[in-house]
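Since the structure comes first, as structure tokens, the remarks are kept for the end.
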Amino acid sequence: MEQLTLAASHQAQGTLTLPGSKSISNRTLLLAALANGTTEIRDVLASDDTSRMLEALEALDVQLENFADNAWRVTGCGGNFPNKQADLFLGNAGTAFRPLTAALALAGGNYQLSGVARMHERPIGDLVDALKQAGADIQYLANDGYPPLKIAAPQLDLSKRIKIRGDVSSQFLTALLMALPLTKQQATIEVIGELISKPYIEITLNLMAKFGVQVARNGWQSFTIPANSSYTAPQEIFVEGDASSASYFLAAGAIAGNVTVQGLGKDSIQGDVRFADALALMGGNISYADNHITASKAEQIHTIDLDCNHIPDAAMTLAILALFAKGTSTLRNIASWRVKETDRIAAMATELRKVGAIVEEGADYITITPPATLTPNAAIDTYDDHRMAMCFSLVSLGGVPIIINDPNCVAKTFPNYFAEFKKLVS
Ligand SMILES: O=C(O)C1=C[C@@H](OP(=O)(O)O)[C@@H](O)[C@H](O)C1
Ligand SMILES: C=C(OP(=O)(O)O)C(=O)O
């Protein structure tokens, strides 16, 4: 097993240009592939998750050209993938697996979709149920409700409202929204129960609009895609810097200095930009500009008690910040952590205890009380979860060395994370 030791550090200072947003990169690549016309997408994230999407589109015979650094020219297929038969391996990329399932199930063709072992434990039943209501032909190849999947041509029927549950993952609604314009028919989606991770739906609707499809909505309850909708290539799109990736560096600035992240600003379409507000509640000094955000040292890191449903990914960073406060912090409404790259509530609890914290976990919350002094040289398991690895790097700013096991899992969304982190801390 590879291990990375991060030296004890006391200061974080400097500026970082963020890698592109995973959520925007994978949505934009798929929308461009489904569009009529050619889109040039700039500042695309280069990472495992986007590689899985690019490989899938290539296997579907979509024309892709990497014409400059992190820039892709995508010639859309107008909703009709040239290759009607393919086996796609989608790793552990939720933003590839869920939207491609919906697009392929409605576009027509014979496909098999699989991923890494953990992806086969991540639910997809709510999406499959919704697609079947629209006439999709999808079979489970192993366990009901989970990948891998086998897809055949649909017999479309959009006459009834499509009901979808939104309380396990918002990616199911995102996938359905992005795929339904392929049917060319009017379609209405009704969300059953409480929708989680709502800001990710805003990203979806925003990007669909950039590709010419306006979804009519009734709050978070129902969404209607007009008849004869089709995606039109917007010619050029710039991907914002990743707001979840920004959270580690903004936290570093608030703990120990002054850090600016570039590529993300006050008008970001990503919900995780709201992490900065949570950081401010904990005492961080935040300033926003059009294309950068700066966090500087808090006089003191305060405890927090926060409903984190709107920032599920960046909320993991708050769990580490809680180590720097005096007293107990609680992160609530985070049940979705249990079905992500790993069971993140369990993983976070186990690893926080290794640095000396007292942790209580519930079905949908975690409570963290820091130790008087952090335990040095804790060896942190990362569970093939990029965010576990990135989060725990921040412990080194508490003046203790920390060991990150299997650090290369950061490749899912931020392959050179540790090189960038080391440049800023001392
Ligand atoms: O739509 C997206 O881009 C994402 C939605 C969120 O998932 P859930 O909706 O499952 O919480 C988030 O955790 C994930 O990293 C990206
Ligand atoms: C939950 C995550 O990924 P995915 O897009 O695979 O759901 C994540 O990046 O934290």
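Computed from a predicted model, the values in this text were never measured in an experiment. Residues: numbered from 1 along the sequence shown. Remember, it's 1-based here, ligands and their atoms both numbered in the order they're listed.
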(Q) Between R338 and D343, does any side-chain N to carboxylate O distance fall below 4.0 Å? (A)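 So R338 pairs with D343 through a salt bridge.
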
Q: Using the side-chain hydrogen bond (donor to acceptor under 3.5 Å, both in side chains) rule, pick out the option among R118, K412, E341, R122 that qualifies with N92.
A: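 So the option named by the test is R122.
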
Q.
Taking atom CD as the centre, does Q63 end up with more than 12 heavy-atom neighbours from other residues, nucleotides or ligands that are less than 6.0 angstrom away?
A. no

Would you mind checking which non-hydrogen protein atom is closest to [atom], with the distance to 0.1 Å?
{"atom": "atom 9 (O) of ligand 1", "result": "S170 OG, 2.5 Å"}
{"atom": "atom 1 (O) of ligand 1", "result": "R27 NH2, 2.7 Å"}
{"atom": "atom 2 (C) of ligand 1", "result": "Y200 CD2, 3.3 Å"}

Q. Mind checking what makes ring pair (Phe, Tyr, Trp, His ring centres under 6.0 Å) contact with Y417, not counting sequence neighbours?
A.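 Y417 satisfies ring pair (Phe, Tyr, Trp, His ring centres under 6.0 Å) with Y248, F249, F414, F421 only.
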
Q.
Please confirm whether K22 approaches ligand 1 to less than 4.0 Å, judged on its heavy atoms.
A.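 Judged by the 4.0 Å heavy-atom criterion, K22 does count as contacting ligand 1.
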
Q. Among side-chain atoms of T328 and T369, is any donor-acceptor pair under 3.5 angstrom?
A. yes

Q | Test item: side-chain donor near acceptor, N206 and K210, under 3.5 Å | A |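 Checked: N206/K210 side chains pair up, N/O donor to acceptor below 3.5 Å.
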
Q) Among S169, G271, S25, which one has a heavy atom closest to atom 10 (O) of ligand 1? A)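 Going through S169, G271, S25 one by one, S169 has the nearest heavy atom to atom 10 (O) of ligand 1.
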
Q: Would you tell me which option among Q171, K340, Q270 has the nearest heavy-atom contact to atom 11 (O) of ligand 1?
A: K340

Q) So T382 and D406, side chain to side chain donor-acceptor pair (under 3.5 Å) or not? Walk me through it. A) CA-CA 7 Å; T382 50; D406 290 321; 4.9 Å; no

Q) At a 4.0 Å threshold, what atoms of ligand 1 neighbour a non-hydrogen atom of S197? A)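 This gives 8 (P), 9 (O), 11 (O) as the contact atoms.
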
Q.
Within the 4.5 Å heavy-atom criterion, are P312 and K340 side-chain neighbours or not?
A. yes

Q) Listing by chain and number, which residues have a heavy atom under 4.0 Å from ligand 2? A) K22, N92, A93, G94, T95, R122, Q171, D313, K340, E341, R344, H386, R387, K412

